[in-house]
A.B. asks: 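First the structure, then my questions, so here it is.
Chain naming here is simple, since letters A, B, ... match the order of the sequence lines and numbering starts at 1 in each.
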Amino acid sequence: MLTFQGYRRPQGLPGARNAVAVIPSVFCANTVARRIAEHVAGAIAFCHPVGCSQVGLDLELTTRGLKGLGKHPNFYGVVVVGLGCERFQARELAESITAAGKPVEMLVIQEEGDTLRAIEKGVTFAGRMAEEASRQTREEFPLSEFSLGLKCGGTDATSGLAANPALGWVTDRICEAGGRAIFTEVTELIGAEQILARRAVNPKVASQILSTIGSMEKRLSAATASAEIRHRSALISPGNEDGGVTSVVEKALGGIYKAGTGPISGGVGYGEYPEGPGLYLLDCVGHDGEAVTGLVASGCQAVVFTTGRGTPTGFPGVPVIKITGNRATYERMRFNLDFNAGGIVEGTPIAEVGAELLAKVLRIGSGEPSRAELLGHDELFCITRI
Amino acid sequence: MAKALKINPRDNVAVLLEDIRSGETVDVATGAEVICIQARQEIAFGHKIALANLDADQPIIKYGEEIGRARTAIGAGDWIHLHNLYCRRGHEDRAE
(Lines give C-alpha, C1' and ligand atoms only; values in the text may rest on other atoms or scores of the structure.)
Protein backbone atom coordinates (compact mmCIF):
# COMPACT_ATOMS: atom_id res chain seq x y z
CA MET A 1 0.00 0.00 0.00
CA LEU A 2 1.24 3.48 -0.86
CA THR A 3 1.72 5.76 2.14
CA PHE A 4 3.28 9.07 3.13
CA GLN A 5 4.61 10.54 6.37
CA GLY A 6 2.52 13.43 7.67
CA TYR A 7 1.64 15.40 10.79
CA ARG A 8 -1.59 14.35 12.47
CA ARG A 9 -4.17 17.14 13.01
CA PRO A 10 -7.06 17.30 15.49
CA GLN A 11 -9.47 17.32 12.51
CA GLY A 12 -9.19 16.67 8.80
CA LEU A 13 -6.27 15.54 6.68
CA PRO A 14 -2.67 15.34 8.00
CA GLY A 15 -0.09 17.99 7.17
CA ALA A 16 2.79 17.59 4.71
CA ARG A 17 4.54 20.43 6.56
CA ASN A 18 4.29 21.76 10.13
CA ALA A 19 4.62 25.54 9.91
CA VAL A 20 3.10 28.32 12.00
CA ALA A 21 1.09 30.68 9.78
CA VAL A 22 0.87 34.38 10.61
CA ILE A 23 -2.14 35.71 8.70
CA PRO A 24 -3.15 39.39 8.52
CA SER A 25 -6.93 39.86 8.20
CA VAL A 26 -6.26 43.12 6.35
CA PHE A 27 -3.24 44.45 4.44
CA CYS A 28 -2.71 47.18 7.07
CA ALA A 29 -1.40 44.41 9.38
CA ASN A 30 1.16 43.15 6.84
CA THR A 31 4.30 44.69 8.33
CA VAL A 32 3.46 43.53 11.85
CA ALA A 33 2.74 40.02 10.52
CA ARG A 34 5.96 39.93 8.49
CA ARG A 35 8.10 41.06 11.45
CA ILE A 36 6.50 38.50 13.75
CA ALA A 37 7.40 35.74 11.28
CA GLU A 38 10.95 37.11 10.84
CA HIS A 39 11.56 36.60 14.56
CA VAL A 40 10.33 33.00 14.73
CA ALA A 41 11.95 30.07 12.93
CA GLY A 42 9.24 27.98 11.32
CA ALA A 43 6.74 30.84 11.03
CA ILE A 44 5.45 32.14 7.69
CA ALA A 45 3.72 35.51 7.14
CA PHE A 46 0.97 35.57 4.51
CA CYS A 47 1.00 39.23 3.48
CA HIS A 48 -1.64 40.28 0.93
CA PRO A 49 -3.10 43.48 -0.56
CA VAL A 50 -6.78 42.93 0.40
CA GLY A 51 -9.23 43.31 3.31
CA CYS A 52 -9.95 47.05 3.13
CA SER A 53 -12.89 48.84 1.42
CA GLN A 54 -14.17 45.68 -0.24
CA VAL A 55 -17.83 44.80 -0.64
CA GLY A 56 -20.04 41.96 -1.81
CA LEU A 57 -18.57 38.97 -3.60
CA ASP A 58 -15.11 40.53 -3.69
CA LEU A 59 -15.00 40.71 0.13
CA GLU A 60 -16.60 37.27 0.36
CA LEU A 61 -13.83 35.74 -1.77
CA THR A 62 -11.18 37.35 0.47
CA THR A 63 -12.80 35.97 3.64
CA ARG A 64 -13.25 32.50 2.14
CA GLY A 65 -9.68 32.46 0.84
CA LEU A 66 -8.14 33.49 4.18
CA LYS A 67 -10.35 31.07 6.15
CA GLY A 68 -9.47 28.20 3.80
CA LEU A 69 -5.78 29.10 4.14
CA GLY A 70 -6.02 29.34 7.95
CA LYS A 71 -7.35 25.82 8.43
CA HIS A 72 -4.87 24.29 5.96
CA PRO A 73 -3.41 20.94 7.16
CA ASN A 74 0.23 22.03 6.58
CA PHE A 75 0.01 24.52 9.45
CA TYR A 76 0.37 23.43 13.06
CA GLY A 77 -1.29 26.64 14.20
CA VAL A 78 -2.12 30.20 13.18
CA VAL A 79 -1.52 33.69 14.57
CA VAL A 80 -4.16 36.07 13.18
CA VAL A 81 -3.17 39.75 13.07
CA GLY A 82 -5.87 42.41 12.65
CA LEU A 83 -5.80 46.20 12.60
CA GLY A 84 -9.19 46.73 14.28
CA CYS A 85 -11.36 48.83 11.98
CA GLU A 86 -11.54 46.43 9.01
CA ARG A 87 -14.86 44.96 7.85
CA PHE A 88 -13.48 41.39 7.85
CA GLN A 89 -12.58 41.21 11.52
CA ALA A 90 -9.61 39.23 12.83
CA ARG A 91 -11.99 37.57 15.30
CA GLU A 92 -14.12 36.08 12.51
CA LEU A 93 -11.00 34.60 10.87
CA ALA A 94 -9.65 33.27 14.19
CA GLU A 95 -12.98 31.68 15.15
CA SER A 96 -13.27 29.89 11.80
CA ILE A 97 -9.81 28.37 12.29
CA THR A 98 -10.62 27.39 15.91
CA ALA A 99 -13.72 25.62 14.60
CA ALA A 100 -11.40 23.53 12.40
CA GLY A 101 -9.65 22.35 15.59
CA LYS A 102 -6.35 24.17 15.09
CA PRO A 103 -4.39 26.18 17.70
CA VAL A 104 -5.09 29.88 17.06
CA GLU A 105 -3.97 33.13 18.70
CA MET A 106 -5.19 36.56 17.72
CA LEU A 107 -3.98 40.09 18.21
CA VAL A 108 -5.41 43.42 17.06
CA ILE A 109 -2.93 46.27 16.54
CA GLN A 110 -5.31 49.07 17.61
CA GLU A 111 -5.99 47.18 20.86
CA GLU A 112 -2.33 46.30 21.58
CA GLY A 113 -1.30 49.95 21.34
CA ASP A 114 1.33 50.19 18.62
CA THR A 115 3.49 48.25 16.18
CA LEU A 116 6.13 47.34 18.79
CA ARG A 117 3.64 45.98 21.32
CA ALA A 118 1.78 44.08 18.60
CA ILE A 119 5.01 42.50 17.30
CA GLU A 120 6.13 41.56 20.82
CA LYS A 121 2.85 39.81 21.56
CA GLY A 122 2.78 38.12 18.16
CA VAL A 123 6.34 36.82 18.55
CA THR A 124 5.39 35.34 21.94
CA PHE A 125 2.37 33.59 20.41
CA ALA A 126 4.16 32.34 17.31
CA GLY A 127 7.26 31.27 19.27
CA ARG A 128 5.18 29.17 21.66
CA MET A 129 3.38 27.52 18.75
CA ALA A 130 6.63 26.80 16.90
CA GLU A 131 7.98 25.16 20.06
CA GLU A 132 4.87 22.96 20.36
CA ALA A 133 5.05 22.10 16.65
CA SER A 134 8.68 21.01 17.01
CA ARG A 135 7.65 18.28 19.46
CA GLN A 136 5.39 16.64 16.86
CA THR A 137 6.78 13.82 14.71
CA ARG A 138 5.58 12.50 11.36
CA GLU A 139 3.33 9.42 11.24
CA GLU A 140 2.49 7.09 8.38
CA PHE A 141 -0.77 7.78 6.49
CA PRO A 142 -2.41 6.00 3.54
CA LEU A 143 -2.86 7.67 0.15
CA SER A 144 -6.54 8.19 1.02
CA GLU A 145 -5.38 10.98 3.39
CA PHE A 146 -3.73 12.90 0.54
CA SER A 147 -5.26 15.81 -1.36
CA LEU A 148 -3.31 16.88 -4.45
CA GLY A 149 -3.74 20.15 -6.37
CA LEU A 150 -3.33 20.06 -10.17
CA LYS A 151 -2.02 23.06 -12.10
CA CYS A 152 -0.24 23.87 -15.33
CA GLY A 153 1.46 27.01 -16.59
CA GLY A 154 3.93 28.03 -19.26
CA THR A 155 2.36 25.36 -21.45
CA ASP A 156 3.99 24.09 -24.63
CA ALA A 157 3.35 21.14 -26.95
CA THR A 158 4.95 18.68 -24.53
CA SER A 159 2.48 19.56 -21.74
CA GLY A 160 -0.40 17.71 -23.40
CA LEU A 161 1.91 14.91 -24.63
CA ALA A 162 3.90 14.07 -21.52
CA ALA A 163 3.67 16.15 -18.34
CA ASN A 164 -0.14 16.28 -18.11
CA PRO A 165 -0.66 12.58 -19.01
CA ALA A 166 1.92 11.58 -16.35
CA LEU A 167 0.12 13.75 -13.78
CA GLY A 168 -3.23 12.33 -14.96
CA TRP A 169 -1.92 8.84 -14.18
CA VAL A 170 -1.04 10.02 -10.63
CA THR A 171 -4.48 11.64 -10.26
CA ASP A 172 -6.22 8.36 -11.18
CA ARG A 173 -4.16 6.37 -8.62
CA ILE A 174 -4.85 8.88 -5.81
CA CYS A 175 -8.59 8.93 -6.53
CA GLU A 176 -8.76 5.10 -6.80
CA ALA A 177 -7.08 4.89 -3.38
CA GLY A 178 -9.77 7.12 -1.86
CA GLY A 179 -7.69 10.29 -1.85
CA ARG A 180 -8.58 13.65 -3.36
CA ALA A 181 -7.39 15.60 -6.36
CA ILE A 182 -8.55 19.08 -7.34
CA PHE A 183 -8.23 20.79 -10.72
CA THR A 184 -9.24 24.36 -11.54
CA GLU A 185 -8.17 27.04 -14.09
CA VAL A 186 -11.80 27.32 -15.23
CA THR A 187 -10.82 30.00 -17.76
CA GLU A 188 -8.79 27.29 -19.53
CA LEU A 189 -11.67 24.80 -19.64
CA ILE A 190 -13.93 26.80 -21.94
CA GLY A 191 -14.61 24.60 -24.95
CA ALA A 192 -14.25 21.31 -23.07
CA GLU A 193 -17.29 21.64 -20.77
CA GLN A 194 -19.31 18.89 -22.48
CA ILE A 195 -16.35 16.50 -22.37
CA LEU A 196 -15.93 17.17 -18.62
CA ALA A 197 -19.69 16.99 -17.93
CA ARG A 198 -19.72 13.45 -19.38
CA ARG A 199 -17.28 12.44 -16.62
CA ALA A 200 -19.53 13.66 -13.78
CA VAL A 201 -20.65 11.04 -11.23
CA ASN A 202 -24.29 12.16 -11.61
CA PRO A 203 -26.46 14.67 -13.53
CA LYS A 204 -26.32 17.20 -10.67
CA VAL A 205 -22.52 17.35 -10.84
CA ALA A 206 -22.69 17.50 -14.65
CA SER A 207 -24.91 20.58 -14.48
CA GLN A 208 -22.61 22.08 -11.81
CA ILE A 209 -19.62 21.66 -14.17
CA LEU A 210 -21.53 23.27 -17.06
CA SER A 211 -22.70 26.19 -14.92
CA THR A 212 -19.23 26.81 -13.40
CA ILE A 213 -17.60 26.99 -16.84
CA GLY A 214 -20.57 28.88 -18.36
CA SER A 215 -20.46 31.51 -15.59
CA MET A 216 -16.73 32.00 -16.09
CA GLU A 217 -17.29 32.51 -19.82
CA LYS A 218 -20.02 35.11 -19.12
CA ARG A 219 -17.71 36.84 -16.64
CA LEU A 220 -14.91 37.05 -19.21
CA SER A 221 -17.40 38.26 -21.80
CA ALA A 222 -18.72 41.01 -19.49
CA ALA A 223 -15.21 42.07 -18.51
CA THR A 224 -14.20 42.66 -22.12
CA ALA A 225 -17.53 43.74 -23.63
CA SER A 226 -16.44 47.33 -24.15
CA ALA A 227 -12.83 46.59 -24.99
CA GLU A 228 -11.35 46.29 -28.45
CA ILE A 229 -10.22 42.77 -27.64
CA ARG A 230 -12.86 40.11 -28.11
CA HIS A 231 -12.93 37.95 -25.00
CA ARG A 232 -12.53 34.48 -26.42
CA SER A 233 -9.64 35.33 -28.67
CA ALA A 234 -7.62 36.09 -25.53
CA LEU A 235 -7.94 32.50 -24.34
CA ILE A 236 -5.29 31.31 -26.74
CA SER A 237 -2.09 33.26 -26.53
CA PRO A 238 0.12 33.94 -29.55
CA GLY A 239 2.68 31.68 -27.83
CA ASN A 240 0.16 28.83 -27.71
CA GLU A 241 -0.54 29.27 -31.44
CA ASP A 242 3.17 29.40 -32.29
CA GLY A 243 3.54 26.17 -30.33
CA GLY A 244 0.92 24.43 -32.47
CA VAL A 245 -2.27 24.86 -30.40
CA THR A 246 -5.03 25.79 -32.86
CA SER A 247 -8.34 25.91 -30.93
CA VAL A 248 -9.63 26.52 -27.38
CA VAL A 249 -10.90 22.93 -27.31
CA GLU A 250 -7.43 21.60 -28.17
CA LYS A 251 -5.87 23.75 -25.45
CA ALA A 252 -8.48 22.67 -22.87
CA LEU A 253 -8.09 18.97 -23.75
CA GLY A 254 -4.31 19.11 -23.32
CA GLY A 255 -4.83 20.74 -19.91
CA ILE A 256 -7.48 18.39 -18.55
CA TYR A 257 -5.21 15.40 -19.17
CA LYS A 258 -3.78 16.15 -15.74
CA ALA A 259 -7.18 15.39 -14.20
CA GLY A 260 -6.82 11.78 -15.37
CA THR A 261 -9.64 9.69 -16.76
CA GLY A 262 -11.81 8.94 -13.71
CA PRO A 263 -15.20 10.28 -12.67
CA ILE A 264 -15.58 13.86 -11.40
CA SER A 265 -17.10 13.72 -7.89
CA GLY A 266 -18.18 17.34 -7.62
CA GLY A 267 -17.36 21.02 -7.65
CA VAL A 268 -15.89 23.15 -4.85
CA GLY A 269 -16.26 26.89 -4.39
CA TYR A 270 -13.27 29.15 -3.66
CA GLY A 271 -12.10 28.57 -0.07
CA GLU A 272 -14.21 25.43 0.35
CA TYR A 273 -12.85 21.93 1.04
CA PRO A 274 -14.19 18.86 -0.83
CA GLU A 275 -16.78 16.93 1.19
CA GLY A 276 -15.29 13.52 0.44
CA PRO A 277 -12.80 11.58 -1.66
CA GLY A 278 -12.50 11.85 -5.45
CA LEU A 279 -11.74 14.33 -8.20
CA TYR A 280 -13.12 17.86 -7.83
CA LEU A 281 -13.36 20.99 -9.98
CA LEU A 282 -12.52 24.19 -8.06
CA ASP A 283 -14.17 27.39 -9.28
CA CYS A 284 -11.15 29.66 -9.80
CA VAL A 285 -9.38 31.40 -12.68
CA GLY A 286 -6.21 30.21 -14.45
CA HIS A 287 -3.79 32.87 -13.11
CA ASP A 288 -0.93 30.85 -11.59
CA GLY A 289 -1.01 32.58 -8.20
CA GLU A 290 -4.77 32.79 -7.84
CA ALA A 291 -5.21 29.15 -8.92
CA VAL A 292 -2.52 27.73 -6.60
CA THR A 293 -3.83 29.87 -3.72
CA GLY A 294 -7.31 28.51 -4.49
CA LEU A 295 -6.00 24.92 -4.43
CA VAL A 296 -4.30 25.59 -1.07
CA ALA A 297 -7.46 27.28 0.30
CA SER A 298 -9.31 24.04 -0.61
CA GLY A 299 -6.89 22.01 1.51
CA CYS A 300 -4.39 20.53 -1.00
CA GLN A 301 -1.27 19.51 0.98
CA ALA A 302 0.82 19.71 -2.21
CA VAL A 303 0.38 20.92 -5.78
CA VAL A 304 1.89 19.39 -8.91
CA PHE A 305 2.53 22.11 -11.48
CA THR A 306 3.26 21.02 -15.05
CA THR A 307 5.21 23.42 -17.22
CA GLY A 308 6.61 23.26 -20.73
CA ARG A 309 8.48 26.55 -20.82
CA GLY A 310 9.51 26.39 -17.15
CA THR A 311 8.57 28.52 -14.14
CA PRO A 312 10.30 29.02 -10.78
CA THR A 313 7.35 29.98 -8.55
CA GLY A 314 6.34 28.51 -5.20
CA PHE A 315 3.84 28.80 -2.35
CA PRO A 316 4.95 29.36 1.27
CA GLY A 317 4.38 26.27 3.43
CA VAL A 318 2.94 24.12 0.64
CA PRO A 319 5.17 22.21 -1.82
CA VAL A 320 4.56 23.14 -5.47
CA ILE A 321 6.18 20.31 -7.45
CA LYS A 322 7.36 21.33 -10.92
CA ILE A 323 7.34 18.81 -13.73
CA THR A 324 8.08 19.25 -17.40
CA GLY A 325 7.77 17.05 -20.48
CA ASN A 326 10.33 19.16 -22.31
CA ARG A 327 13.85 17.77 -21.91
CA ALA A 328 15.48 21.00 -23.09
CA THR A 329 13.56 23.00 -20.47
CA TYR A 330 14.53 20.45 -17.81
CA GLU A 331 18.21 20.81 -18.68
CA ARG A 332 18.03 24.62 -18.86
CA MET A 333 16.03 25.19 -15.64
CA ARG A 334 17.26 22.13 -13.76
CA PHE A 335 17.38 23.71 -10.30
CA ASN A 336 13.78 24.93 -10.61
CA LEU A 337 12.31 21.64 -11.78
CA ASP A 338 11.55 18.57 -9.65
CA PHE A 339 10.74 15.99 -12.31
CA ASN A 340 11.31 15.26 -16.00
CA ALA A 341 8.39 13.52 -17.72
CA GLY A 342 10.04 13.90 -21.14
CA GLY A 343 10.68 10.16 -21.42
CA ILE A 344 7.04 9.78 -22.54
CA VAL A 345 7.80 11.81 -25.69
CA GLU A 346 10.67 9.39 -26.38
CA GLY A 347 8.50 6.30 -25.92
CA THR A 348 8.62 5.41 -22.19
CA PRO A 349 5.14 4.20 -21.11
CA ILE A 350 3.01 6.77 -19.27
CA ALA A 351 2.46 4.29 -16.41
CA GLU A 352 6.22 3.96 -15.82
CA VAL A 353 6.80 7.73 -15.69
CA GLY A 354 3.57 8.20 -13.70
CA ALA A 355 4.68 5.70 -11.04
CA GLU A 356 8.00 7.56 -10.64
CA LEU A 357 6.12 10.85 -10.35
CA LEU A 358 3.77 9.47 -7.70
CA ALA A 359 6.77 8.21 -5.68
CA LYS A 360 8.32 11.69 -5.95
CA VAL A 361 5.08 13.39 -4.85
CA LEU A 362 4.87 11.12 -1.78
CA ARG A 363 8.56 11.74 -0.89
CA ILE A 364 7.98 15.50 -1.08
CA GLY A 365 4.71 15.09 0.85
CA SER A 366 6.75 13.26 3.51
CA GLY A 367 9.25 16.09 3.97
CA GLU A 368 11.71 16.14 1.05
CA PRO A 369 11.84 19.79 -0.05
CA SER A 370 10.54 20.74 -3.48
CA ARG A 371 12.88 22.87 -5.60
CA ALA A 372 10.64 25.91 -5.07
CA GLU A 373 10.96 25.43 -1.29
CA LEU A 374 14.76 24.96 -1.48
CA LEU A 375 15.04 28.24 -3.36
CA GLY A 376 12.59 30.12 -1.13
CA HIS A 377 10.08 30.84 -3.89
CA ASP A 378 6.86 32.15 -2.32
CA GLU A 379 5.24 34.37 -4.96
CA LEU A 380 2.14 32.27 -5.61
CA PHE A 381 0.11 33.48 -2.60
CA CYS A 382 -2.43 35.69 -4.33
CA ILE A 383 -6.05 36.09 -3.16
CA THR A 384 -8.48 36.11 -6.08
CA ARG A 385 -10.61 39.23 -6.74
CA ILE A 386 -13.60 40.11 -8.80
CA MET B 1 12.59 7.50 -32.34
CA ALA B 2 9.37 8.39 -34.20
CA LYS B 3 9.07 11.94 -35.50
CA ALA B 4 5.36 12.24 -34.65
CA LEU B 5 2.85 10.84 -32.17
CA LYS B 6 -0.79 9.86 -32.67
CA ILE B 7 -2.11 10.34 -29.14
CA ASN B 8 -5.48 8.53 -29.27
CA PRO B 9 -6.58 5.69 -31.60
CA ARG B 10 -9.50 7.88 -32.80
CA ASP B 11 -7.21 10.76 -33.85
CA ASN B 12 -6.89 11.79 -37.50
CA VAL B 13 -3.89 14.03 -36.75
CA ALA B 14 -0.46 13.42 -35.19
CA VAL B 15 1.78 15.83 -33.26
CA LEU B 16 5.28 16.48 -34.58
CA LEU B 17 8.08 15.70 -32.11
CA GLU B 18 10.65 17.61 -34.19
CA ASP B 19 10.72 20.16 -37.05
CA ILE B 20 10.28 18.49 -40.44
CA ARG B 21 10.82 19.59 -44.04
CA SER B 22 8.32 19.52 -46.89
CA GLY B 23 8.42 16.12 -48.61
CA GLU B 24 10.06 14.41 -45.63
CA THR B 25 8.77 10.96 -44.63
CA VAL B 26 7.48 11.04 -41.05
CA ASP B 27 7.36 7.94 -38.82
CA VAL B 28 4.25 8.25 -36.63
CA ALA B 29 4.08 6.28 -33.36
CA THR B 30 0.49 5.18 -32.72
CA GLY B 31 0.92 3.07 -29.61
CA ALA B 32 0.40 -0.15 -31.62
CA GLU B 33 2.52 0.30 -34.75
CA VAL B 34 4.55 2.90 -36.57
CA ILE B 35 2.97 4.35 -39.71
CA CYS B 36 4.69 6.47 -42.36
CA ILE B 37 3.33 9.62 -43.94
CA GLN B 38 4.89 12.13 -46.31
CA ALA B 39 4.71 15.74 -45.16
CA ARG B 40 3.28 18.09 -47.80
CA GLN B 41 4.64 21.24 -46.16
CA GLU B 42 7.31 22.26 -43.66
CA ILE B 43 5.85 21.59 -40.17
CA ALA B 44 7.26 22.77 -36.83
CA PHE B 45 7.71 20.82 -33.57
CA GLY B 46 4.44 20.65 -31.62
CA HIS B 47 2.26 21.28 -34.68
CA LYS B 48 -0.19 18.82 -36.27
CA ILE B 49 -0.01 16.74 -39.45
CA ALA B 50 -3.12 15.22 -41.09
CA LEU B 51 -3.09 11.40 -41.13
CA ALA B 52 -5.96 11.05 -43.61
CA ASN B 53 -7.69 12.97 -46.39
CA LEU B 54 -10.43 15.15 -44.88
CA ASP B 55 -13.35 16.87 -46.60
CA ALA B 56 -14.32 20.44 -45.70
CA ASP B 57 -16.33 20.54 -42.42
CA GLN B 58 -15.14 17.07 -41.39
CA PRO B 59 -14.19 16.83 -37.66
CA ILE B 60 -10.51 17.04 -36.77
CA ILE B 61 -9.84 14.65 -33.88
CA LYS B 62 -6.99 14.97 -31.35
CA TYR B 63 -6.88 13.49 -27.82
CA GLY B 64 -9.81 11.36 -29.08
CA GLU B 65 -12.11 14.42 -29.25
CA GLU B 66 -13.15 16.96 -31.88
CA ILE B 67 -10.89 20.02 -31.62
CA GLY B 68 -12.43 21.73 -34.67
CA ARG B 69 -13.42 21.14 -38.28
CA ALA B 70 -11.68 21.35 -41.61
CA ARG B 71 -12.09 24.80 -43.16
CA THR B 72 -11.22 23.37 -46.60
CA ALA B 73 -10.41 19.94 -47.97
CA ILE B 74 -7.22 18.69 -46.27
CA GLY B 75 -4.87 16.06 -47.68
CA ALA B 76 -3.00 13.41 -45.70
CA GLY B 77 0.40 14.92 -44.85
CA ASP B 78 -0.88 18.50 -44.70
CA TRP B 79 0.01 20.84 -41.85
CA ILE B 80 -3.14 21.59 -39.81
CA HIS B 81 -3.42 24.94 -38.07
CA LEU B 82 -5.37 28.22 -38.10
CA HIS B 83 -5.46 28.39 -41.94
CA ASN B 84 -7.43 25.15 -42.40
CA LEU B 85 -9.08 24.37 -39.03
CA TYR B 86 -12.03 26.29 -37.64
CA CYS B 87 -13.64 25.97 -34.25
CA ARG B 88 -17.05 27.35 -33.38
CA ARG B 89 -15.60 28.33 -30.00
CA GLY B 90 -12.91 30.82 -29.38
CA HIS B 91 -12.21 32.68 -32.58
CA GLU B 92 -15.26 34.88 -33.23
CA ASP B 93 -12.85 37.76 -33.77
CA ARG B 94 -11.59 36.10 -36.94
CA ALA B 95 -13.83 36.51 -39.98
CA GLU B 96 -14.98 33.14 -41.26
A.B. asks: I'd like to know if the side chain of B:H47 and the backbone of A:V245 have a donor-acceptor N/O pair within less than 3.5 Å.
C.D. replies: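 No, B:H47 side chain to A:V245 backbone: no donor-acceptor pair under 3.5 Å.
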A.B. asks: If only atom types and distance count, is the side chain of B:K48 paired as donor or acceptor with the main-chain N or O of A:G244 below 3.5 Å?
C.D. replies: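 Indeed, once roles are kept as given, a pair shorter than 3.5 Å links the two residues.
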A.B. asks: To the nearest 0.5 Å, how far apart are CD1 in B:I67 and OG1 in A:T246?
C.D. replies: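 One gets 5.5 Å once the value is rounded to the nearest 0.5 Å.
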A.B. asks: Any chance you could measure B:E66, atom CD, to A:Q194, atom CD, to the nearest 0.5 Å?
C.D. replies: 12.0 Å
A.B. asks: Give a yes or no answer on whether the side chain of B:H81 reaches the backbone of A:D242 with a donor-acceptor pair at less than 3.5 Å.
C.D. replies: no
A.B. asks: With rounding to the nearest 0.5 angstrom, report the CG to CD distance, B:L5 to A:E346.
C.D. replies: 12.0 Å
A.B. asks: Heavy-atom cut-off 4.5 Å, strictly under: side chain, backbone, both or neither for B:I60 against chain A?
C.D. replies: neither
A.B. asks: Pick one of side chain, backbone, both or neither for A:I195, based on which atoms fall under 4.5 Å of a heavy atom in chain B.
C.D. replies: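 The answer is the side chain of A:I195.
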A.B. asks: Are there more than 12 heavy atoms of other residues, nucleotides or ligands under 6.0 Å from atom CZ of B:R69?
C.D. replies: yes
A.B. asks: Name the option with the most non-hydrogen atom pairs under 4.5 Å to chain B; the candidates are A:P349, A:A157, A:G243.
C.D. replies: A:G243
A.B. asks: Do A:V249 and B:E65 come close enough that some side-chain heavy atom pair is under 4.5 Å?
C.D. replies: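 The answer is no, as the side chains (C-beta and beyond) never meet within the 4.5 Å cut-off.
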A.B. asks: Counting only heavy atoms not in B:E42, do more than 12 fall under 6.0 Å of its CD?
C.D. replies: no
